[in-house]
Asks: 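Before we start, here is the structure in question, set down as structure tokens.
Only this structure's heavy atoms are used, side chains among them; waters, hydrogens and symmetry mates stay out. Naming: A, B, ... by sequence-line order, numbering from 1 per chain.
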Number of protein chains: 4
Amino acid sequence: MAGPKKIEERKAQILAAAETVFARKGFSEATISDVARQAGVSDATIYEYFASKEELLFTIPGETTRMGTELLEFNLRYIRGAGNKMRGLIYHYLAFYQEHPDYAAVSMLILKQNRKFLETEAYRHVREGYGLFLRVIEEGVQSGEFRADLDKYLVRAAILGAIEHQVTRRALMDKPANLVDLVDPLTDLLLGGLKRPVNPAAMNFKITVEPISSSDD
Amino acid sequence: MAGPKKIEERKAQILAAAETVFARKGFSEATISDVARQAGVSDATIYEYFASKEELLFTIPGETTRMGTELLEFNLRYIRGAGNKMRGLIYHYLAFYQEHPDYAAVSMLILKQNRKFLETEAYRHVREGYGLFLRVIEEGVQSGEFRADLDKYLVRAAILGAIEHQVTRRALMDKPANLVDLVDPLTDLLLGGLKRPVNPAAMNFKITVEPISSSDD
Amino acid sequence: MAGPKKIEERKAQILAAAETVFARKGFSEATISDVARQAGVSDATIYEYFASKEELLFTIPGETTRMGTELLEFNLRYIRGAGNKMRGLIYHYLAFYQEHPDYAAVSMLILKQNRKFLETEAYRHVREGYGLFLRVIEEGVQSGEFRADLDKYLVRAAILGAIEHQVTRRALMDKPANLVDLVDPLTDLLLGGLKRPVNPAAMNFKITVEPISSSDD
Amino acid sequence: MAGPKKIEERKAQILAAAETVFARKGFSEATISDVARQAGVSDATIYEYFASKEELLFTIPGETTRMGTELLEFNLRYIRGAGNKMRGLIYHYLAFYQEHPDYAAVSMLILKQNRKFLETEAYRHVREGYGLFLRVIEEGVQSGEFRADLDKYLVRAAILGAIEHQVTRRALMDKPANLVDLVDPLTDLLLGGLKRPVNPAAMNFKITVEPISSSDD
DNA sequence: CATGAATGAGATTTCATTCAT
DNA sequence: TATGAATGAAATCTCATTCAT
């Protein structure tokens, strides 16, 4: 049915179909036939472009991720202040997953728990993106905006965990409907903490008034 | 080979085997034969106790979770202060997953991304445990210890996300070796936030001295 | 359909079916379904007993060959004279292939040209049988019955080649109908050679008649 | 890549590639893509010249065989004596296979066991070559050089069998390294037989001396 | 209660072959 | 003439599940 086409186009078409199908049915439950049907090609055609079902899965990130990271780096340049940059990062990821729900599902529900994927070239790109969190944290610590007593890897993990938890939840239960709405409260929580900050109006100061000797000291 | 045994004992034996095998190979990759071998029973015997491979998977939480939650509720009673209770919760989960790495793997890598599991009785117990986070948050807000401007569900999600991120990482890459070490820094971060608190020593106060009229008031 | 059965019985049943099917269609052209149908079991059952189609093929010799060799060794003991023993060997093989035409086809048309089979345990047994040719040749040379100027391996190869050629021909074209009829002419040819022996009746002798001195010695 | 070419040249190029590939991997295991790659053309091009993979296989003998037979007939003319001619034949085949090991492999390991090939035009040429054996045997019988009591077809089969056995062995195990070395011992064996010829020096003759009547007879 | 044995139902993957360009 | 691209048609092999004993 499907006539000749440029190779990259065809690959993209199959990858898009795979993303959709895997997102909907999961990797093991989805069949190559499902993907082929969705892509409008034959089963065999898929194997002309991808050596195996697993390779097909692992190729889904690829471009998307690499380009996302580039864009992100670009955008961060115009934001001043570590706190603002952190908000920018959180926004980037939540907005991205909001706009690519199938990719979100594949990423959160399939790839993230795949041991083999972790050794993949594609995963390296993912990690590169995560490196930006570290740089922003460092910057904040340096400038005195952020606390210096926290391990930066732990901080990053906590932030990513919070983001991923929401994205996963959305992939599984369609809630929350809008991830971007979470950017501010999440940033707020992570930057400001759960504890109520001490209200200066409620502070008690001990003010000591000392007579100043008018003569020499 | 395996002689008659009390029904619950045999079930537990099979579940333990399933936990181990699923943790190691993943659900789809593991076979009933693998589980049977690990349990020291025949394939057919497994079907005497569980209707399907999926039911076997979904039964793994069961007791564990229910008992964990009970213990948790009990322990919390002896902790005063919402912040301390939160630390207690975080400790509970990290310690639990640290001690049950196979369960951690099954939970993080398999169950958590399974849509069908979310409709399960077993999952209700998991959620009940998570309810405690809400109660502690509420308590903290009530007592004024916690900020009142944050959605409690979001807060809980962030905390769980941070915890799960670490547990997942450990399940996949054996790092960090000791989850319990993370209790304090993680609690610190989540309660105190990433931003450096304003240092009172560096605060500027405008002190106004007014003469007090000694006559009328 | 097929009920439980003793394991060796079932294996033999499948092997017999495989022999028939492979003989008829060749290895690549025959399918596991063909064999299963012939054996009256399901495709999957075959894989309960044999790990792969190739293993099924390589297991076809096995017993047959081992027992054949034993019988052969036994029989040879009662034959005197290397020439007679050689005739016995040739008879053994031709009769055996005559009686097991399917095995003959599998052996000549499939196994004999399979490089992997040569590294098989089963092939070792085949070779053991061939070792008897060497022993008989040696015996003949020792006793002076056979020529000593020929390499025994070459002789064996020639004899086996002649036998196999006939067996192959029969497997392919059903000719000759009776291999056993070839025993005598083949033995004759191989032992006596193609060249016409010098006919004593046609020999020329120079007869010298010398007068015998009647006196001394 | 491959530009236009004379049709026969292109065919020969593909056939040579097929010979190499089939020799190395076997017919079923080799793919058209393998052959195409080896030939430096595309898969589709092969189908411009050959209707199917099988036809490609069956066309491999073709020229080679026909020319071989012609050469053989020519050479035999200059040899005198059936025994010498037989040696010449054996030499011809062994030398030919020695020089064309890929063709030897295809011929011995693939074509020889293919029922369909036997009905092929190409096979007729092969058989024609074999016809020379018959003629030489007949000549030898006629001239009294060879025994008359052996079926000529059987004799031919034995000789071919011996040759093919060696060629097959070489194709499979690279032994013997030099087939031509076998010409003399093999001819010797086939012509002279395995049995030790009676040594005239050891013969016993009964010599009868009769008085000759000097008168009439 | 336990299991040996059997199988139905697929899934992935391969490849010879076709055809429009 | 040459081929890139596509695919129909299978084939091997796997495995969850059943059931008679």
Side-chain angles (χ1 to χ4, degrees), chain A residues 1-7 9-10 28-36 39-56, chain B residues 1-7 10 28-36 39-56, chain C residues 1-7 9-10 28-36 40-56, chain D residues 1-7 10 28-36 40-56:
Chain A
M1 286 298 109
K5 228 182 180 183
K6 239 189 302 158
I7 214 169
E9 247 177 289
R10 183 54 52 108
S28 302
E29 291 67 36
T31 70
I32 286 290
S33 288
D34 290 334
V35 176
V41 300
S42 74
D43 291 27
T45 296
I46 290 184
Y47 283 92
E48 291 289 319
Y49 292 87
F50 301 94
S52 70
K53 192 186 172 190
E54 200 178 48
E55 186 186 307
L56 177 57
Chain B
M1 286 297 107
K5 233 182 174 181
K6 238 191 297 155
I7 211 168
R10 180 56 53 105
S28 302
E29 290 67 37
T31 68
I32 287 288
S33 286
D34 289 335
V35 176
V41 301
S42 74
D43 291 27
T45 297
I46 291 183
Y47 284 90
E48 293 289 322
Y49 293 87
F50 301 95
S52 70
K53 191 186 174 190
E54 201 177 48
E55 185 186 307
L56 177 57
Chain C
M1 288 297 111
K5 228 183 178 181
K6 239 189 298 151
I7 215 168
E9 248 176 288
R10 182 56 51 110
S28 302
E29 291 68 37
T31 70
I32 287 290
S33 287
D34 290 335
V35 176
V41 300
S42 74
D43 291 27
T45 296
I46 291 184
Y47 284 92
E48 291 289 318
Y49 293 87
F50 301 94
S52 69
K53 192 187 172 190
E54 200 178 49
E55 185 186 307
L56 177 57
Chain D
M1 286 297 110
K5 231 184 179 184
K6 236 187 306 147
I7 212 169
R10 182 53 53 105
S28 302
E29 291 67 36
T31 68
I32 287 288
S33 286
D34 290 333
V35 177
V41 301
S42 75
D43 291 28
T45 297
I46 291 184
Y47 284 89
E48 293 290 322
Y49 294 87
F50 301 94
S52 70
K53 191 185 173 190
E54 201 177 47
E55 185 185 307
L56 177 57

Asks: Identify, between A:E48 and B:E48, the residue whose nearest nucleotide on DNA chain F lies closer to the 5' end.
Replies: A:E48

Asks: Let me spell it out: for each of A:S42 and C:S52, pick the nucleotide of DNA chain F with the closest heavy atom. Which residue's pick is nearer the 5' end?
Replies: A:S42

Asks: Which residues pass the side chain to side chain donor-acceptor pair (under 3.5 Å) test with B:S33, sequence neighbours left out?
Replies: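 For B:S33, the residues satisfying side chain to side chain donor-acceptor pair (under 3.5 Å) (neighbours in sequence not counted) are B:D43.
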
Asks: With sequence neighbours excluded, tell me which residues meet side chain to side chain donor-acceptor pair (under 3.5 Å) with B:D34.
Replies: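 With neighbours one apart ignored, the set is B:K25, B:T31, B:R37.
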
Asks: With C:E54, which residues qualify under side chain to side chain donor-acceptor pair (under 3.5 Å), at least two apart?
Replies: C:K116

Asks: Distances for protein N/O vs nucleotides 9-11 of chain E N/O pairs under 3.5 angstrom?
Replies:
none

Asks: Find the distance C:I46:CD1 to F:dT14:P and express it as a whole number of Å.
Replies: 14 Å

Asks: Within less than 4.0 Å of OP1 or OP2 of E:dA6, is there a side-chain N or O belonging to C:Y49?
Replies: yes

Asks: So, OP1 or OP2 of E:dA2: does either fall under 4.0 Å of a side-chain N or O from B:T45?
Replies: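 Checking E:dA2 against B:T45, no side-chain N or O comes under 4.0 Å of OP1 or OP2.
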
Asks: Can you measure from OG (D:S52) to CD1 (D:I32) and round to the nearest 0.5 angstrom?
Replies: 8.0 Å

Asks: Within this structure, what is the CZ-to-C1' distance between A:F50 and E:dT14, rounded to whole angstrom?
Replies: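 That distance rounds to 18 Å.
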
Asks: Given atom CG of C:D34 and atom C1' of F:dT12, what is their separation to the nearest angstrom?
Replies: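 C:D34 atom CG is separated from F:dT12 atom C1' by 13 Å.
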
Asks: Calculate the interatomic distance between D:L56 atom CG and E:dC15 atom P; express it in whole Å.
Replies: 16 Å

Asks: Pick the nucleotide of DNA chain E nearest each of A:Y47 and D:E54; which residue has the one closer to the 5' end?
Replies: A:Y47

Asks: Nearest 0.5 Å please: distance from the CD atom of A:E55 over to the OH atom of A:Y49.
Replies: 14.0 Å

Asks: Could you please name the option among E:dT17, F:dT12, E:dA6 that lies closest to any side-chain atom of C:R10?
Replies: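 Selected nucleotide: E:dA6.
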
Asks: E:dA2 P sits how many Å from B:K6 NZ, rounded?
Replies: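 So the NZ-P distance, B:K6 to E:dA2, works out to 14 Å.
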
Asks: Give the intermediate values and the outcome of side-chain contact (heavy atoms from CB on, under 4.5 Å) for residues D:T45 and D:R10.
Replies: CA-CA 10 Å; D:T45 297; D:R10 182 53 53 105; 4.2 Å; yes

Asks: Determine the stems involving DNA chain F; a stem requires 3 or more consecutive pairs of the Watson-Crick or G-U wobble kind, each with both distances below 3.5 Å, and the answer is none if no such run exists.
Replies: E:2-21 with F:2-21

Asks: Which residues pass the side chain to side chain donor-acceptor pair (under 3.5 Å) test with B:S28, sequence neighbours left out?
Replies: A:S28

